[in-house]
Amino acid sequence: MRLLQQNMNKIVLLSSSPDGRVVNQLRLLMEKRFMEYAVLSLDDALSVPYAFFDHTIILPRIAPEQNAKGIIALERASLGGATVINTVNSWRTSRDKSLSYDAFLRHSVETPLTVKLSLGSHFQDCADTLGLPFIIKPAAGTHGEGIVLVHKQEDFTPDLGLLAQVYIAESLGRDLRVVVVNGIVIAAMERQAAEGDFRANLHLGAIGRPVKIDRATEVLAVSAATALELDIAGVDIIMSSAGPQVLECNPSPGIIISDVTGINIEDAMIDFIETLSKK
């Protein structure tokens with residue numbers, strides 16, 4: 001856990017959707033817990049004086065499509081003296097699947113074998129390394145967008161910013177979303193892909209249900225969050241014949257898992273902030 005500056009007591013919720021459901025729920029919790037708090041949009045964060053951020057704790061809620069702008073706002077807050085929950089570097093790393101994969105390898109976190117593609121990448125090289133079929137996904141993609149299951153040469157369109165990854169057929173369109181806060185697993189749900197789809201994304205029609213995960217999966221989820229230096233993370237895990245493997249980590253996990261599991265992850269986030277604010 002990071003130590004804070006002395007007398008740090010202002011809590012700032014920084015959001016790309018300041019009027020959204022998640023922010024409103026967090027706002028209600030902050031009203032009950034903290035003497036001083038603020039909700040800022042990304043535009044606000046880019047325009048307020050640097051001094052505003054001195055002695056603050058920043059909780060970002062930034063949508064993937066606003067990530068570039070969000071990182072600039074977080075860098076500005078850090079320069080102003082804020083402590084950002086999920087550091088700027090961890091946001092940058094976790095939102096890039098290529099950088100995440102490198103971090104997982106460095107920290108011995110089990111993850112599917114992945115190859116970084118370029119314009120000169122060849123189908124047969126990927127097939128020899130990963131087997132058939134294999135998956136192609138964008139390094140900066142989200143919600144399952146741009147993910148393709150490659151069976152043959154005609155399905156293969158290499159480009160910069162794309163990754164090829166081994167396909168775990170035995171997962172049968174299922175994965176786990178595990179929320180980790182301050183090194184502790186708070187909630188977990190299993191997601192089952194819609195019929196005919198191999199992508200277990202709720203935005204694509206997958207169905208979530210609460211699930212109790214075993215100790216090995218808990219340890220893996222915490223290890224993945226730690227590898228990316230994430231205090232708050234939604235860790236996506238797939239079950240393979242060799243055991244659980246991490247697909248990616250989301251630094252701003254959605255709260256639909258609260259609806260599915262009945263476990264309020266917003267409370268866990270605010271509990272963590274409250275603990276930090278008293279250090």
**Student:** Please tabulate, one pair per line, all N/O donor-acceptor pairs under 3.5 Å involving side-chain atoms of residues 213-225, not counting sequence neighbours.
**Tutor:**
from   : atom 1 : to     : atom 2 : distance (Å)
Asp214 : OD1    : Ala216 : N      : 3.4
Asp214 : OD1    : Thr217 : N      : 2.8
Asp214 : OD1    : Thr217 : OG1    : 2.7
Arg215 : NH1    : Glu218 : OE1    : 3.4
Ser223 : OG     : Val219 : O      : 2.8

**Student:** Check Leu163, Thr129, Leu130, Asp102 against Thr114 for a side chain to side chain contact (heavy atoms under 4.5 Å, CB included) and give me the one that passes.
**Tutor:**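 Considering Leu163, Thr129, Leu130, Asp102, a side chain to side chain contact (heavy atoms under 4.5 Å, CB included) with Thr114 is found only for Leu163.
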**Student:** Any chain of hydrophobic side-chain contacts (each under 4.5 Å) joining Ile256 to Leu29?
**Tutor:**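 Looking at the clustering, Leu29 is in the same group as Ile256.
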**Student:** Do Val211 and Ile255 belong together in a cluster built from hydrophobic side chains that touch within less than 4.5 Å?
**Tutor:**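 Per the 4.5 Å side-chain linkage, Val211 and Ile255 are not co-clustered.
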**Student:** Does a side-chain heavy-atom distance below 4.5 Å link Ile135 with Ile147?
**Tutor:**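 Yes, at least one pair of side-chain atoms sits under 4.5 Å.
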**Student:** What pair of heavy atoms forms the shortest contact from Glu266 to Ser258, and how long is it?
**Tutor:**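 Smallest heavy-atom distance, with atoms named: OE1-OG, 2.8 Å.
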**Student:** So Arg33 and Asp271, salt bridge (Lys or Arg N to Asp or Glu O under 4.0 Å) or not? Walk me through it.
**Tutor:** CA-CA 9 Å; Arg33 303 277 195 103; Asp271 286 345; 2.8 Å; yes
**Student:** Is there a path of hydrophobic side-chain contacts, each under 4.5 Å between heavy atoms of I/L/V/M/F/W/Y residues, joining Trp91 to Leu40?
**Tutor:**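 Yes: a chain of side-chain contacts under 4.5 Å links Leu40 to Trp91.
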**Student:** Could you go step by step and tell me if Glu229 and Thr93 meet the side chain to side chain donor-acceptor pair (under 3.5 Å) rule?
**Tutor:** CA-CA 9 Å; Glu229 301 179 356; Thr93 301; over 6 Å; no
**Student:** Flag yes if Leu228 and Ile85 sit in one hydrophobic cluster, no otherwise; membership is Ile, Leu, Val, Met, Phe, Trp, Tyr, and two members link when side-chain heavy atoms are under 4.5 Å apart.
**Tutor:**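 No: no chain of side-chain contacts under 4.5 Å links Leu228 to Ile85.
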**Student:** Any heavy-atom pair between the side chains of Ser252 and Arg61 that's under 4.5 Å?
**Tutor:**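 Arg61 vs Ser252: side chains touch.
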**Student:** Can you name the closest pair of heavy atoms from Ser100 and Ser94 and give their distance?
**Tutor:**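 Smallest heavy-atom distance, with atoms named: OG-CA, 3.5 Å.
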**Student:** Output a table of donor-acceptor pairs, distance under 3.5 Å, between side-chain atoms of residues 69-78 and any protein atom two or more places apart or on a different chain; print 'none' if there are none.
**Tutor:**
from  : atom 1 : to    : atom 2 : distance (Å)
Lys69 : NZ     : Asp43 : OD1    : 2.5
Glu75 : OE2    : Arg92 : NH2    : 2.6
Arg76 : NH1    : Ala45 : O      : 3.1
Arg76 : NH1    : Val48 : O      : 2.5
Arg76 : NH2    : Val48 : O      : 2.9
Ser78 : OG     : Leu74 : O      : 3.1

**Student:** Who passes side chain to side chain contact (heavy atoms under 4.5 Å, CB included) against Ala68, sequence neighbours left out?
**Tutor:**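 For Ala68 there are no side chain to side chain contact (heavy atoms under 4.5 Å, CB included) partners, ignoring immediate neighbours.
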**Student:** Which atom pair, heavy atoms only, marks the closest approach of Val84 to Pro60?
**Tutor:**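 Minimum heavy-atom contact is CG1-CG, 3.9 Å.
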